[in-house]
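Working notes, structure below.
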2 protein chains.
Amino acid sequence: MPNQPRKPQNASVSPNRPVDLDRLDREILAVLAHDGRATYQEVSQQVRLSANAVADRIRRLRAQGVIRGYRADLDLARTGRTLTALSDVNLRDGVEHRGFEASLEQLPQVVGAVHVTGEYDYQLRILCTGTEELEAVVETLKQDHGVRELRSRIVLREVELDPTRALA
Amino acid sequence: MPNQPRKPQNASVSPNRPVDLDRLDREILAVLAHDGRATYQEVSQQVRLSANAVADRIRRLRAQGVIRGYRADLDLARTGRTLTALSDVNLRDGVEHRGFEASLEQLPQVVGAVHVTGEYDYQLRILCTGTEELEAVVETLKQDHGVRELRSRIVLREVELDPTRALA
DNA sequence: CTTGAAAATCGCTTTAC
DNA sequence: GTAAAGCGATTTTCAAG
C-alpha cells in the first residue's frame with residue numbers, strides 16, 4: 001500500500017506503562033488484526049469515524065507500540081512442512097540460555113521458542129516435512145545444542161480463534 | 001493501501017498437494033513476512049525483479065493459499081495483558097472436543113488452542129493482566145468447560161525468531 | 001474530531017518488447 | 001520476464017471550523 005508510515009518498525013516507548021485503549025481503539029485494532037492491509041477509509045467505515053481521525057489513531061497506536069507492525073500470514077503447511085511439534089526441553093547443566101537461543105538460528109525448523117517456568121526450560125515449536133525430519137532435529141538438539149531432556153507432542157489441529165478476542 | 005486484492009481472504013486450493021517455491025518466491029515471502037504492507041515496488045527492489053513480475057507472483061502465492069492474508073502484529077502486553085501462560089489441559093470423560101473448543105469463545109483470555117497428542121488433549125495460550133485473572137480463568141475452565149486436569153506454565157520470555165526461517 | 005483540498009504514490013491494466 | 005503509459009484510488013499533509 002502507499003504512503004503508510006511503515007518505518008520506524010519499532011517504536012521506543014517507556015516500558016511497563018500500560019496503554020489504555022477506548023472502544024474506538026479496540027475496534028480499529030480488531031479490523032487491522034483481521035485485515036492488516038485495510039485502508040484508512042475501509043477502517044473508518046467499520047468504526048464510524050472519519051478516515052483522518054482513524055489515521056491519527058493508527059499512527060498513535062503504532063508509536064505507542066501497540067501495533068508492532070504488519071506481517072503476511074503464511075501457511076507453511078502448503079509448502080510441505082505439514083508436521084508441527086511442540087517440544088518441551090531441558091538444558092544440560094552449564095549450558096547458557098542465551099547461547100542456546102542463539103544456536104537455534106541454525107535450525108530453520110524451529111519457528112518458535114518460549115522460556116517458561118516449571119519442569120522444562122523452553123518450549124519449542126518445530127515445523128517439519130515429516131517424522132524423519134523431526135527425528136533429525138531432535139537428535140541435533142541433543143547432540144549440538146545442549147539439550148538434556150526433550151519431550152515432543154504432535155499438533156493434530158490448531159483451533160481457530162479470533163485474534164481480536166483479547167482486546168475485550 | 002489502494003487497489004490490492006484483499007478479498008478473497010481465503011483461497012480454496014486442492015488440499016494436500018504441496019506447493020513448491022523457487023528462490024524468488026521464498027525471497028518475496030520473506031519480505032512480506034517482515035513487512036506485510038510492503039508495496040510491489042519495494043518488494044521488487046529487494047528481490048531484483050520488476051514490480052509487475054513481483055505482483056504476479058504475490059497474486060499466485062495468495063491464490064495458492066501460501067499467503068493466507070495480512071495481519072497487524074499487536075503487542076497485547078502494552079495494553080496491560082502482561083502475563084502469558086501455557087496451559088496443558090485434559091478434558092473430562094464424555095466432553096466433546098468441538099464443544100469444548102466452541103466454549104472457549106467465551107474466554108477472551110484464551111488466545112490460542114492446539115489439539116495435541118500425548119498426555120494432554122490441548123495446550124492453551126492464556127493472556128492475563130495478572131495472577132488473579134489467571135486463577136479465575138483456570139477455575140472457570142474446570143467448572144464450566146469440562147476441564148479435568150490443568151497444568152500451567154508461565155512464559156518468562158518469547159525468543160525472537162525470524163518467521164522467515166522455515167522457508168529455507 | 002470533522003471537512004475539504006492539494007500533491008504524491010500506488011495498484012491495475014494495457015501496450016509494447 | 002521487462003519497460004512504459006494511463007487511469008482510478010489512496011495516503012499524506014495542510015488548512016479551517
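Naming: A, B, ... by sequence-line order, numbering from 1 per chain.
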Rounded to whole Å, CD of A/Glu42 lies from C1' of C/dG11 at a distance of 13 Å
Has the side chain of A/Arg26 got a donor or acceptor atom that lies under 3.5 Å from a matching backbone atom of A/Ala168?
-> no
Heavy-atom count around A/Asp22 CG within 6.0 Å, excluding the residue itself: above 12? yes
Between the protein and nucleotides 1-5 of chain C, which nitrogen or oxygen pairs are less than 3.5 angstrom apart?
from	atom 1	to	atom 2	distance (Å)
C/dC1	OP2	A/Arg57	NE	3.4
C/dT2	OP2	A/Ser50	N	3.1
C/dT2	OP2	A/Ser50	OG	2.7
C/dT3	O4	A/Asn52	ND2	3.0
C/dG4	O6	A/Asn52	ND2	2.9

Side-chain ion pair, A/Arg48 and A/Glu27, N-O less than 4.0 Å: no
note: B/Tyr40, atom OH; D/dA9, atom C1'; distance rounded to Å ~ 14 Å
Rounded to whole Å, CZ of A/Arg59 lies from C1' of D/dT10 at a distance of 13 Å
Between the CG atom in A/Leu74 and the OG1 atom in A/Thr79, the distance rounded to the nearest 0.5 Å is 8.5 Å
One should report the stems of DNA chain C, each a stretch of at least three consecutive Watson-Crick or G-U pairs at distances under 3.5 Å, as C:1-5 with D:13-17, C:7-17 with D:1-11
### Task
Return yes when atom CD of B/Glu96 has more than 12 non-hydrogen atoms of other residues, nucleotides or ligands closer than 6.0 Å, and no otherwise.
no
When rounded to whole Å, the CD to C1' distance for the pair B/Gln45 and C/dT9 reads 13 Å
Separation of D/dG8 atom P from A/Gln41 atom CD, nearest Å, is 16 Å
Discussion item. Between A/Glu160 and B/Arg68 (salt bridge meaning N to carboxylate O under 4.0 Å), is one present in this structure?
Written reply: no
Rounded to whole Å, the CZ-P distance (A/Arg37 to C/dT9) equals 18 Å
Note to self: Measuring only between side-chain heavy atoms, which start at C-beta, is A/Tyr122 closer than 4.5 Å to A/Val147?
What the structure shows: no
Practice prompt. For the residue pair A/Leu124 and A/Leu107, establish whether any side-chain heavy-atom pair is separated by less than 4.5 Å.
Written response: no
